[in-house]
Amino acid sequence: MPEGHTIHALAGRLNRAFAQEQVRASSPQGRFAGGAQILDRRVLVEAGAWGKNLFVEFDGDVWLHVHLGLIGVFPVVPLPVDLRGLDPSELPTSGAVRLRIAGHGHVADLRGPMTCALVAPGEIAALTGRLGPDPLRPDADPDLGWAKVSRSARPVAELLMDQAVVAGVGNVYRCEVLFRHRVDPMRPGKEIRRSTWRAIWDDLVRLLPLGVIYHQILTMDDQIEAAEAEIAAGEALRHTADLTGERLGDHFERRFFLYKRTGEPCLVCGSKVRAKPLAGRTLYWCGRCQRRR
DNA sequence: TAGTGATGGCTAA
DNA sequence: TAGCCCTCACTAC
């Protein structure tokens with residue numbers, strides 16, 4: 001289920017649960033037994049995210065790279081009091097746990113990741129160097145994305161999904177943000193105006209943090225404004241303060257302009273929402289609102 | 001209860 | 001282009 005906001009939220013949960021703590025690591029499934037052995041009893045220094053990639057630093061300059069892919073999950077849950085102090089191998093396991101990280105008060109089980117590997121510090125730079133700017137990172141430079149968009153004949157909907165152009169955008173955000181700016185998803189990158197690109201980028205910088213805070217993709221204006229008002233009032237904290245990954249239920253009603261609304265009326269013009277595969281995923285768009293102008 | 005598709009993206013062919 | 005990772009929410013029966 002991960003777009004970039006999910007991974008940034010996950011990094012935050014890992015930090016709240018384990019940062020600066022010596023942890024136990026194991027691989028109940030066995031497929032990461034060697035790596036887990038190297039991580040075991042190290043201090044988890046800090047977790048961070050770049051787009052959909054999670055990087056976790058352990059003492060001794062040992063780095064873990066995780067990519068959840070489409071089906072991976074990595075819930076961080078508090079340990080029930082009666083299970084604390086047990087050897088992590090004695091904790092109950094559900095599913096194929098590639099990597100278990102256990103601390104004094106929490107346990108995190110990684111299941112179904114696309115990537116789970118130890119990487120040398122130098123490889124981190126190589127990995128992030130292949131990624132485009134991440135709107136969730138304060139040092140992100142949107143011009144790096146623009147340089148690729150403005151030279152490409154590929155459809156903008158395909159470019160937005162390309163992690164080398166923008167890191168962290170997935171199928172929901174690409175469909176919704178293109179609609180929010182009434183951009184024809186099939187328009188070639190080089191025909192996009194710089195001001196349009198900048199507006200899309202600024203919108204991502206606004207929307208993705210809401211996704212991190214609420215663990216929910218928000219793209220409808222009324223919900224965005226309600227979320228921002230809660231944050232400004234300090235009320236959003238109660239949704240995030242104790243978040244360790246348990247499913248809390250959606251804080252906002254789950255609704256989008258287009259996503260998974262094939263054939264239903266566009267919320268702006270009433271014409272039918274269209275869908276077709278693009279860049280390996282289902283693109284949703286409104287043929288009238290997003291007509292090329 | 002069983003089947004399906006997905007908020008990814010790599011590798012092999 | 002298909003396979004894979006092998007989860008999870010949702011649907012049809």
Side-chain angles (χ1 to χ4, degrees), chain A residues 1-11 27-33 35 49-55 65-77 93-100 108-117 119 123 126-128 130-132 134-136 154 157-180 185 204 207-220 223 245-263 275-285:
Chain A
M1 324 182 195
E3 298 199 25
H5 69 289
T6 309
I7 311 306
H8 282 262
L10 170 57
S27 178
Q29 176 201 41
R31 283 188 52 181
F32 191 58
W50 190 310
K52 299 167 185 172
N53 296 269
L54 176 74
F55 298 103
H65 174 217
V66 171
H67 195 302
L68 293 181
L70 185 60
I71 65 175
V73 289
F74 202 177
V76 183
V77 299
T93 299
S94 91
V97 177
R98 184 84 58 91
L99 169 65
R100 160 172 289 165
D109 282 351
L110 172 64
R111 302 197 298 275
M114 185 177 73
T115 303
C116 172
V119 290
E123 292 176 66
L127 283 164
T128 58
R130 277 182 242 130
L131 296 171
D134 176 349
L136 280 166
R154 293 155 64 204
E158 192 178 314
L159 290 164
L160 265 180
M161 286 282 279
D162 183 342
Q163 299 300 299
V165 175
V166 192
V169 171
N171 198 27
V172 181
Y173 280 119
R174 81 147 168 191
C175 296
E176 295 283 307
V177 84
L178 286 172
F179 178 84
R180 286 173 57 79
L204 291 169
L207 299 187
L208 287 168
L210 303 179
V212 176
I213 291 169
Y214 287 97
H215 293 198
Q216 197 180 348
I217 295 176
L218 302 177
T219 63
M220 310 284 291
Q223 296 187 328
E246 314 96 297
R247 200 155 285 107
L248 297 181
D250 290 342
H251 181 61
F252 292 98
E253 182 192 351
R254 187 182 158 88
R255 55 187 161 88
F256 301 109
F257 282 112
L258 306 163
Y259 183 69
K260 285 199 171 165
R261 295 192 59 245
T262 312
K276 72 168 178 181
L278 186 75
R281 320 217 70 78
T282 307
L283 170 74
Y284 302 87
W285 83 105

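A note on names: the letters A, B, ... follow the listed sequences, proteins ahead of strands, and every chain is numbered from 1.
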From A:Leu68, A:Leu54, A:Leu110, residue fulfilling side-chain contact (heavy atoms from CB on, under 4.5 Å) relative to A:Cys116: A:Leu110
Looking only at atom P, what distance separates C:dC13 and B:dG5, rounded to whole Å? 14 Å
Just to verify, what does A:Phe32 make a ring pair (Phe, Tyr, Trp, His ring centres under 6.0 Å) with, not counting sequence neighbours? none
Please report the shortest heavy-atom distance between A:Leu207 and A:Arg180, naming the atom on each side. CD1-NE, 3.8 Å
Applying side chain to side chain donor-acceptor pair (under 3.5 Å) to A:Arg281 and not counting sequence neighbours gives none
Would you list the protein and nucleotides 9-13 of chain B atom pairs, both N or O, that sit under 3.5 Å from each other?
unit_1, atom_1, unit_2, atom_2, d
B:dG9, OP2, A:Lys52, NZ, 3.2

Scan A:Arg31 against the nucleic acid and name what it touches under 4.0 Å (heavy atoms): base, sugar-phosphate only, or nothing. sugar-phosphate
For atom CZ of A:Phe256 and atom P of B:dA6, their distance in whole Å: 15 Å
Got a sec, which residues hit side chain to side chain contact (heavy atoms under 4.5 Å, CB included) with A:Ala96, two or more places apart in sequence or on another chain? A:Gln29
5'-most contact on DNA chain C (nearest-nucleotide basis), A:Leu68 vs A:Arg111, goes to A:Leu68
Measure the distance from CD on A:Glu158 to P on B:dG8 and round it to the nearest whole Å. 15 Å
For A:His65, what residues pass the ring pair (Phe, Tyr, Trp, His ring centres under 6.0 Å) criterion, not counting sequence neighbours? A:Phe55
Would you indicate what A:Glu176 reaches in the nucleic acid, counting non-hydrogen atoms under 4.0 angstrom: base, sugar-phosphate, or nothing? nothing
Taking CD1 from A:Ile71 and C1' from B:dG3, how many angstroms apart are they, rounded to a whole number? 16 Å
Rounded to whole Å, how long is the line connecting atom NE2 of A:His65 with atom C1' of C:dC5? 15 Å
Rounding to an integer number of Å, can you tell me how far A:Tyr284 OH sits from B:dG5 P? 12 Å
Hits for side chain to side chain contact (heavy atoms under 4.5 Å, CB included) against A:Arg254, two or more places apart or cross-chain, chain-then-number order -> A:Asp250, A:Phe256, A:Tyr259
Give the rounded distance in Å between these two atoms: CG of A:Asn171 and C1' of B:dG5. 13 Å
Out of B:dA6, C:dT7, C:dC5, whichever nucleotide has its closest atom nearest the side chain of A:Val73: C:dT7
Indicate whether OP1 or OP2 belonging to C:dC6 is found under 4.0 Å from a side-chain N or O atom of A:Gln29. yes
Quantified in whole Å, what is the P atom distance between nucleotide B:dT1 and nucleotide C:dC6? 25 Å
P spacing across the pair B:dA13 / C:dC5, given as an integer number of angstrom: 14 Å
Here the distance between atom P of C:dC6 and atom CZ of A:Phe74, to the nearest Å, is 14 Å
Measure the distance from CG on A:Leu70 to C1' on C:dA9 and round it to the nearest whole Å. 12 Å
